[in-house]
Student: 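Below is one structure. I have some questions about it.
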Amino acid sequence: QVQLVESGGGLVQAGGSLRLSCAASGLISIRAMGWYRQAPGKQRELVAMQNYGGSTNYADSVQGRFTVSRDNAKNTVYLQMNSLKPEDIAVYYCYAEDRLRIAYWGQGTQVTVSS
């Protein structure tokens with residue numbers, strides 16, 4: 001059974017930092033791992049993604065502030081979020097894709113930024 005377990009969300013003041021973690025279990029040959037987010041009343045959007053080879057892709061809105069990284073040995077992906085803004089408020093979802101391009105999602109973790 002595949003599980004993606006997230007941790008690290010919470011409340012932070014504007015300008016602060018948070019680090020999200022997501023550990024995957026039950027998956028073999030992960031092709032990519034990363035993060036999406038969904039703000040109230042908005043569609044889910046890509047935040048950051050890293051493939052197995054290490055190349056990364058970021059949303060323009062977080063470029064330079066967020067960093068995605070992976071520990072392939074632990075099947076874990078991290079999202080370091082710096083200089084947080086109120087517009088970053090959302091539920092953040094961990095995402096993993098296996099080599100057959102089947103997608104898996106975490107349960108989501110809330111990030112709230114106070115202004």
Side-chain angles (χ1 to χ4, degrees):
Q1 182 179 359
V2 176
Q3 277 192 315
L4 301 181
V5 179
E6 300 145 339
S7 61
L11 172 65
V12 65
Q13 286 190 331
S17 299
L18 283 175
R19 188 190 193 214
L20 306 182
S21 300
C22 172
S25 61
L27 271 174
I28 301 173
S29 298
I30 298 175
R31 177 183 170 276
M33 289 188 78
W35 298 88
Y36 281 74
R37 68 185 180 186
Q38 187 165 19
K42 295 188 177 181
Q43 289 188 328
R44 192 173 296 190
E45 63 175 0
L46 172 69
V47 177
M49 191 69 58
Q50 186 174 53
N51 68 20
Y52 191 83
S55 63
T56 56
N57 184 33
Y58 293 94
D60 289 344
S61 59
V62 307
Q63 186 77 43
R65 299 187 297 122
F66 291 10
T67 303
V68 64
S69 60
R70 285 174 60 179
D71 184 334
N72 290 330
K74 295 181 179 179
N75 282 350
T76 299
V77 65
Y78 306 95
L79 185 67
Q80 178 66 43
M81 304 185 292
N82 298 328
S83 302
L84 281 159
K85 305 175 181 180
E87 49 263 46
D88 295 318
I89 294 173
V91 177
Y92 285 69
Y93 294 91
C94 179
Y95 172 92
E97 184 177 294
D98 67 16
R99 63 182 181 89
L100 299 177
R101 298 184 182 253
I102 296 173
Y104 301 90
W105 295 91
Q107 78 283 1
T109 185
Q110 177 70 47
V111 171
T112 303
V113 183
S114 63
S115 55

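If you read the sequence from its start, that first residue is 1, and numbering goes on from there.
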Student: Any chain of hydrophobic side-chain contacts (each under 4.5 Å) joining Val62 to Tyr78?
Tutor: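 No: no chain of side-chain contacts under 4.5 Å links Val62 to Tyr78.
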Student: To the nearest 0.5 Å, what is the distance between CZ on Arg19 and OG1 on Thr67?
Tutor: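 The distance works out to 10.5 Å.
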Student: Is it true that Ser17 and Asn82 share a donor-acceptor pair across their side chains at a distance under 3.5 Å?
Tutor: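 Yes.
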Student: Can you find a heavy atom in the side chain of Glu97 that is under 4.5 Å from one in the side chain of Met49?
Tutor: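 Result no, sub-4.5 Å side-chain heavy-atom pair not found.
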Student: Heavy atoms, side chains only, cut-off 4.5 Å: are Val68 and Val77 in contact?
Tutor: yes
Student: I need the minimum non-hydrogen distance between Val111 and Leu18, along with the two atoms involved.
Tutor: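 For Val111 versus Leu18, the nearest heavy atoms are CG1-CD1, 3.9 Å.
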Student: Taking the side chain as everything from C-beta on, heavy atoms only, tell me whether Val2 gets closer than 4.5 Å to Ile102.
Tutor: no
Student: Just verifying a value: how many Å separate Arg70 CZ and Asn51 CG, rounded to the nearest 0.5 Å?
Tutor: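 With rounding to 0.5 Å, CZ (Arg70) is 7.0 Å from CG (Asn51).
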Student: Is any side-chain heavy atom of Met81 less than 4.5 Å from a side-chain heavy atom of Asp88?
Tutor: no
Student: For the rings on Tyr93 and Trp35, is their centre-to-centre separation under 6.0 Å?
Tutor: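 When the ring centroids of Tyr93 and Trp35 are compared, they turn out to be at least 6.0 Å apart.
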Student: Please determine whether side chain to side chain contact (heavy atoms under 4.5 Å, CB included) holds for the pair Ile89 and Gln110, giving the CA-CA distance in whole Å, both sets of side-chain angles, and the decisive distance to 0.1 Å.
Tutor: CA-CA 8 Å; Ile89 294 173; Gln110 177 70 47; 4.0 Å; yes
Student: Quick check: is Tyr58 connected to Leu20 through a chain of hydrophobic side chains (ILVMFWY, heavy atoms under 4.5 Å apart)?
Tutor: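 Yes, same cluster.
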Student: State whether the number of non-hydrogen atoms from other residues, nucleotides or ligands found under 6.0 Å of Leu100 atom CG is greater than 12.
Tutor: yes
Student: To the nearest 0.5 Å, how far apart are CG in Asn72 and CE in Met33?
Tutor: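 Result: 9.0 Å between the selected atoms.
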Student: Is there a chain of hydrophobic side chains (I, L, V, M, F, W, Y, each step under 4.5 Å between heavy atoms) that links Val12 to Val91?
Tutor: no
Student: Verify the cluster assignment for Leu79 and Leu4: are they in a single hydrophobic cluster under the rule of side-chain heavy atoms below 4.5 Å apart?
Tutor: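 Result: yes, single cluster for both.
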Student: Would you tell me whether Tyr92 and Arg37 have side-chain atoms, one donor and one acceptor, within less than 3.5 Å of each other?
Tutor: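 The criterion, which ignores hydrogens and geometry beyond distance, is satisfied for Arg37 and Tyr92.
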Student: For the CD atom of Gln50 and the CD1 atom of Ile30, what is their distance to the nearest 0.5 Å?
Tutor: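 It is 12.0 Å, given to the nearest 0.5 Å.
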Student: So, taking the atom named CG in Asn75 and the one named CD in Gln3, what distance separates them when rounded to the nearest 0.5 Å?
Tutor: 13.0 Å
Student: Among side-chain atoms of Tyr36 and Gln38, is any donor-acceptor pair under 3.5 angstrom?
Tutor: no
Student: Quick check for you: to the nearest 0.5 Å, what is the distance between Ser115 atom OG and Glu87 atom CD?
Tutor: 10.0 Å
Student: Checking Glu6 side chain against Gly108 main chain: does a donor-acceptor pair fall under 3.5 Å?
Tutor: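 Here the side-chain-to-backbone pair exists.
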